[in-house]
Amino acid sequence: MRQNKSFIPTLKENPNDAAVPSHILMLRAGLIRTLGAGIYSFLPLGYRVIKKVSQIIREEMDAIGGQEFHLPALNPIEIWQETNRVEAFGDNLFHIKNRDYVLAPTHEEIMTFHARRALQSYKDLPQTWYQIQTKFRNEPRPRSGVLRGRQFLMKDSYSFDSSNENLDASYKLHDGAYRRIFKRCGLEYFVVGASSGAMGGSGSEEFMVQSDAGEDTVAHCKSCGYSANVEVAESVPAVIKFNTEERAVYEISTPNVKSIDELRGFLNIDESRCAKSRIYICNEKPVLVLMSGNEEVNETKLEKALGSAIRPAHPDELKAISGADAGSIGPVGYTGTIIADSRLFGGKNLFSGANKNDFHIGGIDLARDVPRITYYDLRAVKSGEGCIRCGSELGVFTAIELGHIFKLGTKYSAAMGALFKDEAGRELPLVMGSYGIGVERVIACFIEQQHHDENGIKWNKALAPFHIHLLCLNMKKNHLKEISEKLYARLLEKFEVLFDDRPDATAGFKFKDADLIGLPIQVVIGEKKLVENKVEIKVRETGERFDVSLDDLVEKISQLLF
RNA sequence: CGGGGCGUAGCGCAGUCCGGUUAGCGUGCCUGCCUUGGGAGCAGGAGGCCGCAGGUUCGAAUCCUGCCGCCCCGACCA
């Protein structure tokens, strides 16, 4: 494509309302423009990237037997009422004002609608149906550019099977396809097993990539692949070496010492010798939660350990419960339920609150002084701790969900009466799976994930809108122009080429634009090298540059790209 | 929906506290000359309902009230 008359509106400066790198660069490189909060237009260059990602997805979906559909975004609301999802989605579902339609946020209902008419016999199964279409969700707060929009492209597929065993097979096929898709896109992804939550069903996995713009915090082990949301992640923390000297409990006056930090400083001891108390209310009864040092309670784990919902006790409840205010509460002499983080098991010579304001107690031997404690894993995993599977170092970081695969079971087919007859003539609901990939997220995450620098994007061959950026440094010099035109024609036979043939742009301008747009290979045609019958190649990824003779050019680029 | 920030030329911003020339700067755009290996130079020029509506005032980008939009944090989230 010739750049001179192409609409590639690059920006020299960072746009005012973009904060994350992918958003900034997608705007600056002329891939997208904003239409409203969470609504983006893809310009020609950006749309080419969309098509690259879509094609990879399409090929892998077709390879597992998927059949591509094109479904309406405009849906009669009645269909959504059949599964009660108008209520379930609530304000997140867009409603049309002058007719009883909704804008589809996903397509389980619509696919099931078609399945219930068409799939009547086990002989029709399995089926895998997919589409790559725009979804609409009324996000309360769109953010981070295309990472969370009110309108976005999603590949969604749905499998229909005759049994749970066959669903397992369809699910497994998707799992494989997803791994190939993300690998081909060049993404460093990992898989988190998740509870399927509101979607219902028996199993699900999330395909995630690390990103500072991420919305979930996860723990991940690079060596064995263990991954979990930090709310449920487990780890092997460093073992606390307790002071084992035998001594009786003793009271210390600690005026105005409230936090563990203050206590540690006041007594000049290590944090690991302190035990922090927090009081939660569970089923209207107080529970004292004991943590080592200054560690925070992981409330998700606490709820799981206690078996029901909890809330932190209000400050004005504390004194009635424990006899002291926050900062002076402790296990010794406490009469209610006590649970402790398992890291405290065997703790001796600990310091904790005395349940009396401005006093703490030392010399606590948990086994001796507070024997009724039950121990659970209650802490949030931290970076650097050991993996519970393989012992290697865990990383804890934020991540973005790119894809999600679910075993839905019969939730939608049963609700909508999508039934088939099995070998024995019994009428049973179709057993379904649902599988999604956020297309824009693939693109934004790719850029976020180290595929950019201060000058712009660094595309790989798979996603790049073009393979080669051919820069003619001076279109006003006839011999330069002629050779550039010839090279353009020659390269087009084998590659996708963006030809910077702008007559007025200066060399420096073209270089800056090329780095910003970030095509993998830049071919620079300038007088300097041309006198030796050579052109310069720049590899965007590495910044490496070298001269190549005109005769070797195609060969050299082929080596670099394939 | 709560908290914070912002809205002035295509883009990035100053001016707003403390009302008072023709609303400015950088960049981009147009014309001409010149220039072409890292966002060149000179000269000339065009481009603004200062987010919208109402109010105060002799006079409002500036003060007051209401609304709208955008960004960030939180809540929420397949």
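First the proteins, then the strands, lettered A, B, ... as listed; each starts at 1.
- For A/D513, the side-chain atoms get nearest to B/G39 when compared with the rest of B/G12, B/U36, B/G39.
- Contact check, A/T506 against B/A40: a side-chain N or O comes under 4.0 Å of OP1 or OP2.
- The phosphate of B/C76 has neither OP1 nor OP2 within less than 4.0 Å of any side-chain N or O from A/R148.
- Between the side chains of A/D62 and A/Y130, at least one donor N or O lies within less than 3.5 Å of an accepting N or O.
- Across every strand in view, B/G47 sits unpaired, with no contact that passes the Watson-Crick or G-U test at under 3.5 angstrom.
- Within residues 467-480 of chain A, the residues having any heavy atom under 4.0 Å from RNA chain B are, by residue number, A/L473, A/N474, A/K476.
- Each of B/C70, B/C72, B/G39 was ranked by its minimum atom distance to the side chain of A/R141; first place goes to B/C72.
- Using a 4.0 Å cut-off on heavy atoms, the residues of residues 543-553 of chain A that approach RNA chain B are A/R545, listed by number.
- Remark: nothing in residues 169-184 of chain A comes within less than 4.0 Å of RNA chain B through any heavy atom.
- In this structure, A/N14 does not reach the B/G12 phosphate: none of its side-chain N or O atoms is under 4.0 Å from OP1 or OP2.
- Here the nucleotide nearest the side chain of A/F511, chosen from B/G26, B/G38, B/U27, is B/G38.
- With B/G12, B/G39, B/C72 as the candidates, the nucleotide lying closest to the side chain of A/L516 is B/G39.
- At most 12 heavy atoms of other shown residues, nucleotides or ligands fall within 6.0 angstrom of atom CG in A/D212.
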